[in-house]
Every structure is written in structure tokens, then in C-alpha cells.
Colleague: 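Here it is, the structure, as C-alpha cells.
What you see is a predicted model, and the numbers here were worked out from it, not measured in a lab. Naming convention: chains lettered A, B, ... in sequence-line order (proteins, then strands); numbering from 1 in each chain. Values reported hereafter were calculated over all heavy atoms of this structure, with side chains retained and with hydrogens, waters and symmetry mates removed.
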There are 2 protein chains.
Amino acid sequence: MPEQTTGSRPTLEAVAARAGVSRATASRVVNGGAGVRRPLVDKVRQAVEELGYVPNHAARTLVTRRNGAVAVIIAEPEFRIFSDPFFEQQVRGISRELTAHDSQLVLLWVEGPGDHDRIARYLGGGHVDGALAFSLHNDDELPSIISRVKVPTVFGGRPGWPGATSGLALPYVDCDNRGGAREAVRHLVSLGREHIAHIAGPRDQTSALDRIDGYRDVLLDADPDLVSQGDFTVESGARAMAELLERRPGLDAVFASNDLMASGALRTLRERGLRVPDDVAVVGFDDMASVVESTDPPLTTVRQDIEGMGRLMVRLLMRVLNEGEQHTGAPASVITPTTLVRRASA
Amino acid sequence: MPEQTTGSRPTLEAVAARAGVSRATASRVVNGGAGVRRPLVDKVRQAVEELGYVPNHAARTLVTRRNGAVAVIIAEPEFRIFSDPFFEQQVRGISRELTAHDSQLVLLWVEGPGDHDRIARYLGGGHVDGALAFSLHNDDELPSIISRVKVPTVFGGRPGWPGATSGLALPYVDCDNRGGAREAVRHLVSLGREHIAHIAGPRDQTSALDRIDGYRDVLLDADPDLVSQGDFTVESGARAMAELLERRPGLDAVFASNDLMASGALRTLRERGLRVPDDVAVVGFDDMASVVESTDPPLTTVRQDIEGMGRLMVRLLMRVLNEGEQHTGAPASVITPTTLVRRASA
DNA sequence: CTGAAAGCGCTAACAT
DNA sequence: ATGTTAGCGCTTTCAG
């Protein structure tokens, strides 16, 4: 760490002196001024103004034991997690909401298991009031690390349970994957489609699992051959579509677990000379702008409010923090609604 | 801000007591243990271990006046700044180097002029030891805000001078844009090309300006019609190439100010039935993996070590911080070398 | 409603 | 080499 930093700034003491009040009163004013008479409030405010006083964060943290900072943990098991547009939106929401709560965003970039120690120490060291993390894979170690150091944390996306057995209930914010999937499939049904296939996402991500569940909720007796496995990439979607077509040439609709795979499916369909939606209707999931708009035809999909989810993560965390010692009971997670966005593909 | 946070943790006092030494000695050991005898060091270390002691950051900051945190300012004048792969790499380098320096990365997301106040207050509030920012456009207000609050800051990319007149010299890290451009053009010359065009980047970004300067360094008497204006996007590259071809059908090479525009140029060339590199040789700039590898033919380009630049930004900042009061003289910036990466396009 | 005083946990002179 | 002693700047009882 560097040696030096902030040049000495005016202290509360100085403000108090200038305003002709005690430090205590000055402090009260700075913190909202409740219970201080107008004339004094004004005097202090003016002194603050004139001196350009800014409270010393460290001193305040030392006594209040809250530091107005929240860690956002970014794990990077695969490439590009950071430049994922999905991710960007969520972090943006988080950033905005954190600002609204006067808290700072401290970025914790986890590059691998080698970083776990450092992260645990940091989180356990009380440098932040809480943490926000994202559940990427079921085998992720993060959830257990987090519950070990007991720092209040909210997850983005329902965490898979590496320690489900250990009975730890981590609060999370997720969209209604299952309900959204149901809506997508119901829409296809309402269009009169009778052979609705599904291109599933990775089996180790809860979102994909929930979506396939939603699909099955509606199509109780779905033909297993109508479900094909993908991995959320465009390529896998194209491949899965090809497989489906081979197994069930008569299918007339497909619900893909995300937009990327849907766009891959569209490509395969086009190559086979099948018309969308006439021959095969296609619905995706996510409403990812970059995909959805450039697809041909424009993709009907299920939208989730990603930025809103980011904001909700913060709100939920703040609630947990404010509950303090008391309400130690498992904090409720929140599931946000999805909406079907009709475009041309279904 | 939340009310509560870290449950009470063991203090240095407790460690000292358990180890049977004074707080001062315990402190010395915790901070490296210089000048403390082995047996005591061991005792203290053990006590730390047993108690699971972690230093209280706030207390330490309060007295040392350094807080082990550096702000990374992300301005978002346009979309997607965050998901820019370029950006991601740089932040990754920063994150890694900061970790190596035991400092935390605090993310400051600036969404517009409305945030300027907040940022200035935060930066001026001494919450961080220093800041890292990126120079995006010459009309960016950030540089002046930063120099106003006088927080030690290092820029990524040479800042344009909104306050050049005010004589503020902001330290920065940038690659040798001009030299890299020269190398690119010289390469084209060495290939025997005689009519080398340039697709320039935005006039309000220093990198683009430096690159065109490099181009001119080599082609002292360059035909002005051989230079066309783009804006760093694929589309603009395609358009600029079309223009160039119209004005100077005989051109046999083009140096684009970045890879994106080079790929646009490639497209136009292909559409016109021109062969690359046989008819027209093409060189880009950046060596952006996602572009360079998918281009046809693979793009010859100028590589800059982006992650390394991120790391250098941190090192430079740390140096500035350590110099402290003394060396207030204009801190040296650093220019990193570029390398020409030969692929098939030139 | 306001002020006096007691720390929060740690480091850094200054003694010893 | 180790311990003693002041604070760092702020909030917060507790008196008045």
C-alpha cells in the first residue's frame, strides 16, 4: 500500500469552532441535523460550506462499524464474464442503487481458486458491509466461502447447492425462470402448435433447469425426444435444432432456453429451408438486445428486467443489513416477474 | 447506509494480551515484524492465528491516512463502454496489480454530468488513495474535475487537453500510438506498396490523432485524398474504404486506425472483388482478439499490451503516491511499445 | 436542546 | 528490542 494520500482536510472540530458550537452539535447537523435548532443548524451548515468540510470516512466507520461499501464479487470461470452484456446491465443496476444508498461498490475479481483465500480474508475482514455475488455454476465454491465468513450476501440468480445439504439458505434475486418458460410455451400452445420442442441450457445452471421445468409444467406428457441439450451458445443452439429436426421432423415450434441458442436454431431452420414462424415458431429467453434485434425474423422472447434485478439485489442486501442481529432467520429471496415479448418469430 | 455490519472481532489488544506483549509489539509483528525478536514474533503470530485476528481497516486508515483503495472511474458517454473487450482487459490488469499492492478497487461509474458532483465529492473526500481514469474524449470533463479535487490520478490513454491551457499535466499510460502507426506504414512500404491510404479514427481521441501522425511521419508527402475519416466502428471503416476507393482507385494498401475499421474495410474490399493482400494490403491497430481472428484473411495489425497497460497504470499511481509531498513535479507518464503482428492481410 | 467526555482500534513517537 | 502514551476524527451516551 502507498505511504501517503489525502492532504489534511478540515475536521469536524474546525467546523464546530467556526460555527461556535460543540463538536457534538456539529456532528448532529452533519448527520441530518435532527434535534438541533435552526439557527445553529444554519451556522454549522455555513461553516461546513466555507471550510469545504467532508467527513472522514475512516473515523466514522471506526465508531459506527459500518463502512458504506459493498463488495461485488465477479468470478471468472470462463472468458468474458465481464464483457457479457447481461452482466453489464446487472452491475449497472447495482451501481445505481448502491449510489442511492450512499454505498460504494468495491469490485472483487476472482480469477480462480487461488484467489479464494484472499477473498475470504477480505470479506471476513469487515472491509465491506455486505457482498453481492452471482451464481454461475452449481459447483462454484463461492457460496460456501461466503457462508463461512458470514458476510451478509445476496446472490444474483438462484445458487445451485454445493452445500444444499449443509442447509445454508442464501438469499438471492432471480427472475421467474420457470414461470417465464411456462408463459413462452403456453404462447406456443395458444398459437395452435402441437409439437413443441425445447432446447435446454447447461444442466449445472439453475436458470436452465428452472426453464426446462417450466416447459414440462405445460407439456406434462412431453415427448423426451423433443428436448435437446445446448450450452447457451449460438452454436449449441444450431446443433440442438438440427438434432431435433432429425428426431422429430414434424415439430412445429421450439422454445430455446436463451436467445443465443434461439438464434442458432433460427440459423439451422433457415438452412433447412424451413420458414419461421410458418413452419416452426421460435421463442427465446432473456430478451438480450444485441441478439433479439438482429435476428431474422425478430425473436419473440421472454424478457427479464436485468438492471432491476441488480437494484433489487442491493435493496435486499440493505434490508438484511438493517435487520441486524435480530431477524437472523433465513432472509427471503425475491423472484422478479418476466414478460413475454412478442415479435415475429412466434 | 446500513446500520449494522461486522460482528465484533478480536482487537490487537486481545492479541497482545494473549501473546503477553504490548499492543505496540503486536502491531509491529502484524505489520511485518521488523525489529522484533523471534520468540515474540512467533508468540504474536500464534495469538493472531488462534484468535483469527484481522486488523481493523478503518482504525488503521484513521491513523496512517492511507486506505488501501483506489478508484477506477468508468465514464459512460456511450453505450457498452463496460463490455468493451478492450476495457475489460485493462481493468483486469488493474485489478491484478492492485491486488499485488494490497489495494482495493473501488468502482466509480459515471453515467453523466449529473454524477460529476458525487464523484468530485467522493474523490475529494479522501475515500481512496488515488484514482485511475480513462481518457475517452477530448471534451471530457473528468480531467478537470480530477485536477480540481487534487486526488492523485493516472489516466489510461493520453488525455486530450480540455485544460491544456491551464497547464495541468496529468500522468498517463498509453501505448506508442504514433510509433506503432509508423511501424505499420513502414511495413506496408517494405511490401512495395506505393499508394498507402489511411482510415482515421475520431478526431477527438488522442490515440487516433497520434496514429494519423505516425502515418504522416512515414508518408511525409501523403496525398490528402488518401486519408478518410472513420469513427472506430466497423461500419465507418467500410464506408471510409468505399470513399477511398472512389477517390483513389489505384491505392494498394490501407492502414486503419483500429481493427474494427480494418474489418469494415476488408468487407468493402471483398464486395468490390478486390483481393487482400494481393490487390490491397490491410493493416489494423489494437490486435483485438475477437476481430482479428475472425477476419478473412486474418488481419495484420499493431498489438498493444492492454492488460500490461492496466498494470502500469497502477504502478505509476503507486509511485506517485509514494513520492508523497516531495516530488510534486510533473510525474512522468509512460508509453508502452507496440509490436506489429503479421498475419495474412499484409 | 446542547455540551463534555469517553472511546472505536490502531500506529508512531518517545521512553526505557 | 519492547513498552508507554498520545492521539487519528468521529459518534454517542450522559449531564446539564
Side-chain angles (χ1 to χ4, degrees), chain A residues 1-44 47-48 51-68 102 125-127 129, chain B residues 1-45 47-48 51-68 124-127 129 324:
Chain A
M1 279 192 278
E3 286 302 300
Q4 172 275 349
T5 146
T6 57
S8 94
R9 300 184 282 109
T11 74
L12 192 57
E13 182 78 57
V15 173
R18 181 170 197 114
V21 302
S22 73
R23 227 162 59 221
T25 298
S27 173
R28 289 184 187 109
V29 173
V30 169
N31 293 291
V36 180
R37 272 186 209 147
R38 273 306 295 280
L40 285 197
V41 171
D42 291 343
K43 264 190 194 155
V44 173
V48 165
L51 263 34
Y53 170 76
V54 182
N56 180 311
H57 198 67
R60 186 177 275 183
T61 296
L62 187 54
V63 33
T64 61
R65 275 119 190 298
R66 56 179 166 61
N67 41 34
D102 264 320
H127 299 286
D129 294 326
Chain B
M1 278 195 280
E3 286 302 299
Q4 170 277 346
T5 144
T6 57
S8 94
R9 300 185 281 109
T11 74
L12 192 56
E13 182 80 57
V15 172
R18 180 166 198 121
V21 301
S22 73
R23 227 163 58 221
T25 298
S27 173
R28 290 182 186 111
V29 173
V30 168
N31 292 293
V36 179
R37 271 184 212 152
R38 275 304 298 278
L40 285 197
V41 171
D42 292 343
K43 262 190 196 158
V44 174
R45 293 241 164 91
V48 165
L51 261 37
Y53 169 76
V54 181
N56 180 313
H57 198 67
R60 185 178 278 181
T61 296
L62 187 55
V63 35
T64 61
R65 277 120 189 298
R66 53 177 169 61
N67 41 34
H127 299 283
D129 294 326

Colleague: Under 4.0 Å between a side-chain N/O of B:R37 and OP1 or OP2 of D:dA1, yes or no?
Modeller: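 For D:dA1, neither OP1 nor OP2 has a side-chain N or O of B:R37 closer than 4.0 Å.
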Colleague: Which listed nucleotide (D:dT11, C:dT11, C:dA4) is nearest to the side chain of A:T64?
Modeller: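 Taking heavy atoms from C-beta onward, the closest nucleotide is D:dT11.
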Colleague: Could you check how far CD of B:E13 sits from C1' of C:dC8, rounded to whole Å?
Modeller: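 Taking CD of B:E13 and C1' of C:dC8, I get 13 Å after rounding.
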Colleague: By nearest heavy atom, map B:P39 and A:P55 onto DNA chain D; which one lands nearer the 5' end?
Modeller: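 Going by which nucleotide is closer to the 5' end, it is B:P39.
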Colleague: I want to confirm an ordering. Mapping B:R38 and B:V63 to their closest nucleotides on DNA chain D, which one lands closer to the 5' end?
Modeller: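 Final value for this comparison: B:R38.
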Colleague: Roughly, in whole Å, what's the span from NE2 in B:H57 to C1' in C:dT11?
Modeller: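 It is 14 Å, rounded to the nearest whole Å.
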Colleague: Report the distance from atom CZ of B:R66 to atom P of C:dC10, rounded to the nearest whole Å.
Modeller: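 Interatomic distance, CZ of B:R66 to P of C:dC10: 14 Å.
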Colleague: Rounded to the nearest angstrom, tell me the gap between atom CG in A:L51 and atom P in D:dG9.
Modeller: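 Checked: the CG to P distance equals 14 Å.
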Colleague: To the nearest 0.5 Å, tell me how far B:T61 OG1 sits from B:R66 CZ.
Modeller: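 It is 7.5 Å, given to the nearest 0.5 Å.
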Colleague: Give me the atom names and distance for the closest heavy-atom approach of B:Y53 to B:T11.
Modeller: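 Reported closest heavy-atom pair: CE1-C, 3.6 Å.
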Colleague: Under the salt bridge (charged side-chain N to carboxylate O under 4.0 Å, His left out) rule, collect the residues that match up with B:R28, sequence neighbours excluded.
Modeller: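 Testing B:R28 for salt bridge (charged side-chain N to carboxylate O under 4.0 Å, His left out), a comparison that skips the adjacent residues, returns none.
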Colleague: Counting only distance, no hydrogens or angles, is the base of C:dT11 paired donor-acceptor with the side chain of B:R23 under 3.5 Å?
Modeller: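 Under the 3.5 Å cut-off, the side chain and the base do form a donor-acceptor pair.
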Colleague: Can you name the side chain to side chain contact (heavy atoms under 4.5 Å, CB included) partners of A:A59, sequence neighbours left out?
Modeller: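 Once residues adjacent in sequence are excluded, the partners of A:A59 under the side chain to side chain contact (heavy atoms under 4.5 Å, CB included) criterion are A:N56, B:L62.
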Colleague: Atom CG of A:N56 to atom C1' of D:dC10: distance rounded to whole Å?
Modeller: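 To the nearest whole Å, that distance equals 8 Å.
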Colleague: The criterion is salt bridge (charged side-chain N to carboxylate O under 4.0 Å, His left out); which residues satisfy it with B:R18, sequence neighbours excluded?
Modeller: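 Salt bridge (charged side-chain N to carboxylate O under 4.0 Å, His left out) list for B:R18, sorted by chain: B:E50.
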Colleague: Please state how far atom CG in A:L12 lies from atom P in D:dG9, giving the value in whole angstrom units.
Modeller: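 Between P of D:dG9 and CG of A:L12: 11 Å.
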Colleague: I want to check one thing: is the phosphate of D:dG3, taken as OP1 and OP2, less than 4.0 Å away from some side-chain N or O of B:S22?
Modeller: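 Checking B:S22 against D:dG3: at least one side-chain N or O falls below 4.0 Å of OP1 or OP2.
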Colleague: Among residues 24-32 of chain A, which ones have heavy-atom contacts with DNA chain C below 4.0 Å?
Modeller: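 Residues of residues 24-32 of chain A that come under 4.0 Å of DNA chain C are, in numerical order, A:A24, A:T25, A:R28.
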Colleague: Rounded to the nearest 0.5 Å, what separates atom CG in B:D129 from atom CZ in B:R65?
Modeller: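 Atom-to-atom, B:D129:CG and B:R65:CZ are 12.5 Å apart.
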Colleague: State, yes or no, whether a side-chain contact exists between B:P55 and B:V30 at a heavy-atom distance under 4.5 Å.
Modeller: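 B:P55 vs B:V30: side chains touch.
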Colleague: Could you state the atom-to-atom distance from CG of B:N67 to P of C:dT11 in whole Å?
Modeller: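 So the CG-P distance, B:N67 to C:dT11, works out to 14 Å.
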Colleague: Which atom pairs, donor and acceptor, lie under 3.5 Å between side-chain atoms of residues 31-42 of chain A and protein residues at least two apart or in another chain?
Modeller:
{"from": "A:N31", "atom 1": "OD1", "to": "A:R60", "atom 2": "NH2", "distance (Å)": "3.3"}
{"from": "A:N31", "atom 1": "ND2", "to": "A:S27", "atom 2": "O", "distance (Å)": "2.8"}
{"from": "A:N31", "atom 1": "ND2", "to": "A:S27", "atom 2": "OG", "distance (Å)": "3.4"}
{"from": "A:R38", "atom 1": "NH2", "to": "A:D42", "atom 2": "OD2", "distance (Å)": "3.3"}

Colleague: Whole Å only: how far is the CG atom of B:L62 from the C1' atom of C:dC8?
Modeller: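 Atom CG in B:L62 sits about 9 Å away from atom C1' in C:dC8.
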Colleague: Is there a side-chain contact between B:V54 and B:R9 (heavy atoms, below 4.5 Å)?
Modeller: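 B:V54 reaches B:R9 side chain to side chain.
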Colleague: Specify the angle, to 10°, made by the local axes at the two ends of the helix from C:dC1-D:dG16 to C:dT16-D:dA1 when five pairs are taken at each end.
Modeller: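 One end axis against the other gives 40°.
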